[in-house]
Amino acid sequence: MIDLLNLTLPEMESWLAGLGEPRFRASQVFQWLWQKGAADFAAMTNLSKALRGKLAETAAMARPGVADTRVSADGTVKFLLRLADGALVETVLIPEEDHLTQCLSSQVGCPMACAFCSTGAGGFTRNMTAGEMAAQILAARQYLKDAGRDPKDLRNLVFMGMGEPLLNLDELLRSLAIITHDLGLGFSTRRVTVSTCGLPGPMRRLGASGLASLAVSLHAPTQELRAELMPKAAAAASLDELMAALRDYPLTPRQRITIEYVLLAGVNDSAEYARQLVRLLSGVKCKVNLIAYNATPDLPFAAPAPAAVLAFEKILWDKGMTAVLRKSKGNDIAAACGQLRAAHLDQTTDNQRE
Ligand code: SF4
């Protein structure tokens, strides 16, 4: 049975043409699915009864179920979503000053094995489909509606949850087509960011699509340290290759690449590394997001000292770089990537053992 949530608008048009339906029907169904969040075909009242019946017989809408929701004291909301095959993924709503940002997953697990990441430690299960990626937003909008809030407060999206989105590029681009289409989820491409650990080949394709902004998780200014922290990313491309790809990345005059740098105590937070980072990024049109690591019991890293964080930031500013200190949010609800899923899987395994 075909999952209608996994079709872009042109794909929906061809599929409905196969059922003998005119093109405008596809726009109607697409709007019902994404703009109006219809959960069943009976709700699609501007379609004929016969067509609704035909859709119910031949198609499904595989919206994810919510397996768990945790709300942090700071307003961060973390969802554990159950996909149609039972796979679990996480998505997080992060409160900003006057809006919300949603952090989206792109894979079930992740094959990149970054040393500081709970998702990486759990290994890789499968890629998410375009529909599964976009439907995370339907789950968040539904939550906001049920909580009496305006779903339009959700304004920014970032693919920075579980998985390496550029390893799932075909589905990611189809999902971005749904997310940014006026008849789909209607997000401006300026409000969608894809965060990668740095894979130059697929990065070029993403750049050519113009469907999202780019963020790169760097976390180390030398190849040697990067190979320790992000072994697979470092093996996929040297820092020289990565920087060359970033210098060539197509940007509009006001756009900049975001460089993510998680500060880990005693590992990558020294003044010398800050100076190396400045040298490395020369010629790259970027801003740097510094994130103080959020310690988790299962990984051997510690949060940096506040003084080290400030000193690191100051070196970047003194050298003329834009650096922003991002507060980590949701510390009380295991909001770092992969933590809630890991906790849930542990619990399930414990329960199965009992
Ligand atoms: S940090 Fe991102 S790319 Fe690295 S293992 Fe975790 S989810 Fe994968």
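Note that ligands are numbered from 1 as they come in the structure, with each ligand's atoms numbered from 1 the same way.
- Here E164 does not pair with K232 in a salt bridge; the nearest charged N to carboxylate O distance is not below 4.0 Å.
- At a heavy-atom distance under 4.0 Å, only backbone atoms of A113 (N, CA, C or O) approach ligand 1.
- For atom 4 (Fe) of ligand 1, the set of nearby N, O or S atoms under 2.8 Å includes none belonging to C110.
- Of the charged side-chain nitrogens involved, none lies within less than 4.0 Å of a carboxylate oxygen, so that K54 and E57 do not count as a salt-bridged pair.
- Between D170 and R205 there is a salt bridge, since at least one side-chain N of the basic residue sits less than 4.0 Å from a carboxylate O of the acidic one.
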Residues E96, T101; criterion side-chain hydrogen bond (donor to acceptor under 3.5 Å, both in side chains); working and verdict: CA-CA 7 Å; E96 314 275 0; T101 295; 3.0 Å; yes
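- Under a 4.0 Å criterion applied to the non-hydrogen atoms of G163, ligand 1 contributes the atoms 7 (S).
- Interface of M112 with ligand 1, defined as ligand atoms under 4.0 Å from a residue heavy atom, comprises 3 (S), 8 (Fe).
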